Every structure is written in structure tokens, then in C-alpha cells.
Protein chains: 2
Amino acid sequence: MGETLITNFEQINSELVGVFNNVMWIEEAALKQSLFKDLSIKDMHTIEAISMYEEKSASEVARIIHITPSSMTSAIDKLVEKGYVERRRSIQDRRVVKLGLTHKGRIVYRAHQGFHRDMARNFLEGMSSEDVTVVQKAIHNLMSYLTRLLQK
Amino acid sequence: MGETLITNFEQINSELVGVFNNVMWIEEAALKQSLFKDLSIKDMHTIEAISMYEEKSASEVARIIHITPSSMTSAIDKLVEKGYVERRRSIQDRRVVKLGLTHKGRIVYRAHQGFHRDMARNFLEGMSSEDVTVVQKAIHNLMSYLTRLLQK
DNA sequence: TAAAAATAGTTTGACTATCGAAGTAAATAA
DNA sequence: TTATTTACTTCGATAGTCAAACTATTTTTA
């Protein structure tokens, strides 16, 4: 590895760390400045995991965001109270609670998607289509590395 | 934008979100499997912010990780008790608390740096030096977008 | 098919991280 | 010298998390 490459690696490494260490906090701060001040970034991730179309059960959502079912219960309690989420008992299996977004929940979901898109757009700023393919490979590399770690 | 490019954008967007939503959790899980089970990912970020060489005050570290000075006090209390961090009163200004890593703190700091490097290496896997430059630009785009948001 | 086991979610109690407000000690300005 | 500001700490309140025990329902099994 030449000196320039090493320098590149160091810079990429340190900016990657910078992004990871700040992105959550920035998302939280953006929420607090928005119309949805009553949501934390964790609430937002719950709403994101519930998502728009497929119905999910409480425990499925808990698994996605890595909290226990009991924590899920109290998280959902608050989101229901604030009017973002609906609880419905499943008809097929009456033990199961199906979660869905209310109108207000859908609005904030879409707004948050917009935030993510802005981030992705800025990520790819000024890239040719060949460049985009390279970046796509990189982010895919990273995601599959993390998935691999997750499975261990 | 052609259809392929749109598809690329969607995939990059969704993997980017996937990375952000999972990386903290994976770092936490990796810590729990390591020799340093008594550290949370937030403890690790505190240690990271204290860093190896330059002495930093308690309030500087608090600013870096976005917590209040009072939260910093109790975070440091625990890291001191567990033997990762040292408190020293500044001689120049005896109100100031300078923070430093102990031997054990330095070991875990280096281990965590290794974790980051592995991530960066996987991110760049199979890339030519031209590709690396492209990826470097992308991650730099993202970091400066976030920095811009942060300043607002 | 009746009883036992498993599953989905909730409640409870304990613990931890966080904050803001008030307090202390030291430095700086008036 | 006194008043103000600064750096940190203490205190009390609040929110998120978990594990264990519990309820209701479904599935298995004897």
C-alpha cells in the first residue's frame, strides 16, 4: 500500500466513525426541530419498523429494533397515547397484537423517509453512474459485513 | 434518471439506513462478547472521546458525545470505578477536571479502533485505488452534509 | 378430547442514563 | 475587595430498559 492509499484509508476510517457517532444524534436533533417534537429517535425507529404496508406483530417489531417484548409494550403504549400507532388484536390468533400506523404516524414516517433520501442524495452528490455503482458496492460490503457479525 | 439508477439509489438508501440502524447495536453486542463486558457502547464512546494523547476536560468530552456536564460526572464516576479512566485536577485552573485513560482504558481503546478498522477494510473490500477515491468522496459528502445539519 | 406445554403479550419492580436546578470552589472582571 | 462567571458536582425527577411472574390463547400430546 502506497502512502497516499494509507492516508485515504485513515481519512475514510475516521469519517466513517464520525458519521456513525453523529448520525443518530443529528436525527434526534432534527426531530426536535420538526413538527414531531414528542418523538425520540427510538420512537422513530419503532415507527420505521412498523412501516406502512405489511402488518407486523409487536414481537416482530421488537426483534427488528432489538428490544424485549416488555420494553415494546411500554414503547407502544406511549406511541398509541400520542396518536402515532394503532394496536389491533389479530383475528387468526387472538394472542397476537398487530401494529399499524395512524394517519399521523404515516405522515411522520414519510417525513423521515425524506430525511433518509436527502442523506443518500448527499452521499451520492456529483457521482457519475459508474461512481454510483462503486459506492453501491462499498455500502453493500459494509452491510453484509455487519450482517455476518450479527449472525455470530 | 434511468430505471437502473433509480433502483441503485433505492438500494443504496435502504442499505445506508440498515447500516445506521444496526451498527450501534452490533458494536454493543461485540463489546458484550469481548473481554470488556462491563462497558456499554456509550461508555466506549466516552473512552473514544477522551482518546489517547491530548488531555481533554470533562466538559469538552461531554460536548463531543452530546451529553450534559452532570451526566458526564456520573458516566466518569463509573468509568473511574471500573478502572478505565483517570480524573486529574488541572494545575493551571483548579476548577477543571482533565480526563485520561488508564492502562486498561488504552487497551480497550486500541481494541475498539481495531473494530473500526475492520469495518473500514470491509467497506473498501475489492476496490481499486480509483474506486477508493470515489468512496472517499462519498463518505466525505455525507460527513459534510451531517456537519452542515449539525451547525444549524 | 382433556390436560399439559408453548406462545404472545402485559404487568410489576428494579436498575440505569439522562436532565435541569441548585450548590461549591476557583478564576476573572469590575 | 466584591461581584460575576466558569467548571464541575450533587440532588431529585423522569424515561427506557430488563427479567420474572402473570394472563389469555393456541398447539401438542397422551
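Remember, it's a predicted structure, so these values are computed and weren't measured experimentally. Chain A is the first sequence line, chain B the second, and so forth, proteins listed ahead of strands; every chain is numbered from 1.
Here B/Ser71 does not reach the OP1 or OP2 of C/dT18: none of its side-chain N or O atoms lies under 4.0 Å away. Close to D/dT9, at under 4.0 Å from its OP1 or OP2, lies a side-chain N or O of B/Arg87. Taking 4.0 angstrom as the limit, A/Lys42 places none of its side-chain polar atoms (N or O) nearer than this to OP1 or OP2 of D/dA15. Of the side-chain N and O atoms in A/Lys78, one or more sit less than 4.0 angstrom from OP1 or OP2 of D/dG16.
Straight-line distance from the CZ atom of B/Arg89 to the P atom of C/dT24: 15 Å, rounded to whole Å. If you take NE2 of A/His66 and P of D/dG16, they are 19 Å apart, rounded to a whole angstrom. The distance between atom NE2 of B/His45 and atom P of C/dA17, rounded to the nearest whole Å, is 15 Å. If you measure from atom CG of A/Leu79 to atom C1' of D/dA15, you get 13 Å, rounded to the nearest angstrom. Between the CH2 atom of A/Trp25 and the P atom of C/dT18 there is a distance of 14 Å, rounded to whole Å. Look at CG on A/Asp77: it is 9 Å from C1' on C/dT10, rounded to the nearest Å. Across the protein-nucleic acid pair, A/Asp43 atom CG and D/dG16 atom P stand 7 Å apart, rounded to whole Å. Protein atom CD of B/Glu60 is 10 Å distant from nucleotide atom P of D/dA7, rounded to whole Å.
Here B/Ser59 lies in heavy-atom contact (under 4.0 Å) with sugar-phosphate atoms only. In this structure, B/Lys98 reaches neither bases nor backbone, as no heavy-atom distance under 4.0 Å exists between it and the strands shown.
Closest approach to the B/Ile67 side chain among C/dC19, D/dT26, D/dT5 is made by C/dC19 (side chain taken as heavy atoms from C-beta onward). The B/Val97 side chain lies nearest to D/dC8 when the options are D/dC8, D/dA7, C/dT10. Out of D/dT10, D/dA19, C/dG9, the shortest distance to the side chain of A/Thr68 is found at D/dA19. Here C/dT18 is the nucleotide among D/dA7, C/dT18, C/dG20 with the atom lying nearest to any side-chain atom of B/Ser74.
For A/Arg94 against D/dT25, no side-chain N or O and base N or O form a donor-acceptor pair under 3.5 Å.
The aromatic rings of B/His112 and B/Phe115 lie parallel to each other, with less than 30° between the two planes, well short of the 60° mark.
In this structure, the side chain of B/Lys56 engages the main chain of B/Ala49 through a donor-acceptor pair within 3.5 Å.
For the residue pair B/Tyr84/B/Asp43, the side-chain donor-acceptor check at 3.5 Å is not satisfied. Side-chain atoms of B/Thr68 and B/Ser71 form a donor-acceptor pair, as typed in the model, at a separation below 3.5 Å.
Between B/Glu86 and B/Lys98 there is no salt bridge, since none of the side-chain N atoms of the basic residue sits less than 4.0 Å from a carboxylate O of the acidic one.
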